Amino acid sequence: MAEWEPVIGLEVHAHLKTRTKMFCRCALEYGAHENSRTCPVCLAHPGALPVANERAIEFTIKLGLALDCEIAERAIFARKNYFYPDLPKGYQISQYEAPLCGPGRLVIPTEDGEEVVGIVRAHLEEDAAKTVHAGGATGRSVGATASLVDFNRGGTPLVEIVSEPDMHSADEALRYIRLLRQTIVELGISDAEMEKGTLRADVNVSVRKRGEDGFRPRWEIKNMNSFTFIGRAIEAAVRQQVAAHEAGEEVVQSTYDYDADTDRLTVHRSKEEADDYRYFPEPDLVPIEPPASLVERLRGEVPELPAARIARLAKEIGTDRATELVMTGHDRKAELLAAEGLSLATASAVAMNRGDFLPENAAALAAILGANVTREALDEAFAAAATRAIAADDYLAQAAVGDESELVPVIDAVLAANPQQVETYRGGKEGVLGFFVGQVMRETGGKADPKVVNKLLRERLS
């Protein structure tokens, strides 16, 4: 495997969080009763004409600005022709030669420096309806007794972000799509929830000998909706392609399905090319020509992006910790606490392990965290801070027991009562220390200072 280099590109699709569909006024509602959000336009009745959703256009431009894309002065909708039960028109309204957002990039901070993934385009289109395969054990077409179509999803505004094939491992691909998802969510343009299908990805994978120029035939793994499975599918594709090349077998450019149970890819159909879709400009829609004033207004609405916050926080707490903090959405809490005097490292640990709180309570919580209060008092303070204003003085009086002369007898009694665990610890299993801490906290009613307890336990056990 060391002789081979994976080449990976992603096509990420995100449902836009608009009130209505892309080309009609049907309301968008996740979980609505089947076929209850339809009209003559999204059901492709003869004579029904599309009208573009202005909000969806603005959302796509905002995403393009966040991805450092060129915003087109003139974008054109196109018909992408193919036949499938969930596409009643026989074509999808998409964009082809003139997308709304052109070349851009996503910069990903890592411990080893920045990784830059090029963005080919971000274009706007409508989603297809949803096919439901009934009567089978797997929920797939194979083995089903019937296939039903729910047209509620048909016509949902969908932005597709196409990357350059700049990634060379499953880890790189996952870093990219996770940061891209966080960016989309923070822009407020999509929920981007994989389990709901509002974010999904097609993964293109090929391999080549290290140092080799050009590209070999690729496989496209369709409709992936799990980060875990995306990583596993990439690794499976690399393994299978390398094995095929080394055995002298032909690798054909095709669309594949990933089976998580067998950890293998199976061919779905031969890969279509652009010519197969017979793209041509949509005659029922005028070109989009976004005014410069609109683009500048949307540029002003783009907040500090996740990648920028990771790079800024990494200077104090390291890239890995900063990435975890930002990608879980806890960095805002950490910065509120740090602004009140806590170190960013301490504030980050608290933010990752405690619930949300009202911003106006940051000063009181920082004071409580900096004092030697009991665990019970700390729990009470954070529980209250989530719903109402709190005063630090109400909790500072509940001081933790840190006097070693008071704690040593309790610790000695706990060790004497648990000789087997003492021997286990001294045998090298230091994880038992947590058991002893818990016992001491129970004996003191939760009032012992955990730091002092840990220190004394290690001394006595050694």
Side-chain angles (χ1 to χ4, degrees), residues 1-14 80 82 84 92 94-97 99 102-106 108 115-123 125 158 160-178 180 199-260 262-279:
M1 295 293 288
E3 299 176 10
W4 294 90
E5 177 186 48
V7 181
I8 303 160
L10 271 67
E11 300 168 18
V12 177
H13 307 79
K80 180 180 181 180
Y82 65 96
Y84 207 70
Q92 176 192 34
S94 182
Q95 292 180 324
Y96 178 49
E97 292 180 327
R105 63 178 192 156
L106 181 64
I108 306 165
E115 294 176 353
V116 180
V117 176
I119 304 296
V120 177
R121 56 195 279 142
H123 65 260
E125 60 189 22
L158 191 70
E160 178 176 347
I161 307 103
V162 182
S163 82
E164 296 281 5
D166 288 342
M167 293 157 277
H168 302 288
S169 70
D171 286 343
E172 287 184 26
L174 290 175
R175 280 196 292 270
Y176 164 78
I177 192 172
R178 284 181 170 132
L180 178 60
L199 184 81
R200 55 188 190 268
D202 299 337
V203 185
N204 291 282
V205 183
S206 65
V207 297
R208 64 187 177 192
K209 287 291 186 72
R210 294 196 182 276
E212 179 181 327
D213 294 327
F215 302 103
R216 299 192 183 200
R218 71 185 189 275
W219 292 352
E220 182 179 18
I221 311 163
K222 298 288 287 185
N223 291 324
M224 303 294 293
N225 62 354
S226 158
F227 290 138
T228 299
F229 290 166
I230 286 173
R232 289 175 57 187
I234 290 171
E235 292 172 349
V238 171
R239 284 196 308 270
Q240 288 178 226
Q241 288 186 28
V242 168
H245 284 305
E246 291 187 340
E249 300 171 0
E250 182 183 9
V251 174
V252 178
Q253 186 162 303
S254 303
T255 298
Y256 276 72
D257 295 322
Y258 174 67
D259 188 331
T262 62
D263 194 31
R264 286 192 61 81
L265 296 161
T266 53
V267 67
H268 184 80
R269 61 176 183 267
S270 61
K271 177 72 177 85
E272 299 93 341
E273 295 294 349
D275 290 346
D276 297 321
Y277 291 119
R278 295 179 292 111
Y279 283 98

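We use all heavy atoms of the structure for the numbers below, so side chains are in, but hydrogens, waters and symmetry mates are not. As the structure is a computational prediction, the values presented were derived from the model and not from experiment.
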- [ ] Taking the side chain as every heavy atom from C-beta outward, state whether Asn223 and His13 have any pair of such atoms under 4.5 Å apart.
- [x] no

Open item on the list: Any heavy-atom pair between the side chains of Arg239 and Arg264 that's under 4.5 Å?
Closed with: no

Open item on the list: Asp259 vs Thr266, test: side chain to side chain contact (heavy atoms under 4.5 Å, CB included). Steps then yes/no.
Closed with: CA-CA 8 Å; Asp259 188 331; Thr266 53; 5.7 Å; no

Task: Side chain to side chain, Arg200 and Leu158, heavy atoms closer than 4.5 Å - done: yes

TODO: For the residue pair Leu265 and Gln240, establish whether any side-chain heavy-atom pair is separated by less than 4.5 Å.
DONE: yes

Task: Residue Arg105 excluded, over 12 heavy atoms near CZ under 6.0 Å - done: no

- [ ] Test side chain to side chain contact (heavy atoms under 4.5 Å, CB included) on Val116 and Asp166 and set out the steps.
- [x] CA-CA 8 Å; Val116 180; Asp166 288 342; over 6 Å; no

- [ ] Grab the two heavy atoms, one from Pro217 and one from Ser206, that are nearest each other, plus how far apart they are.
- [x] O-CB, 3.4 Å

TODO: Determine whether Ile234 and Met167 make a side-chain contact, defined as any pair of heavy atoms from C-beta on separated by less than 4.5 Å.
DONE: no

Task: Heavy-atom side-chain contact between Tyr258 and Asp263 under 4.5 Å - done: yes

- [ ] Determine, for Glu220 against Arg218, whether the closest basic-nitrogen to carboxylate-oxygen distance falls under 4.0 angstrom.
- [x] no

TODO: Would you check if Arg178 and Phe227 make a side-chain contact, meaning some heavy-atom pair closer than 4.5 Å?
DONE: yes

Open item on the list: So, applying side-chain hydrogen bond (donor to acceptor under 3.5 Å, both in side chains) with Trp4, which one of Gln241, His245, Glu246, Glu212 is it?
Closed with: Glu246

Open item on the list: With heavy-atom distances below 4.5 Å as the criterion, would you say the side chains of Arg210 and Glu3 are in contact?
Closed with: no

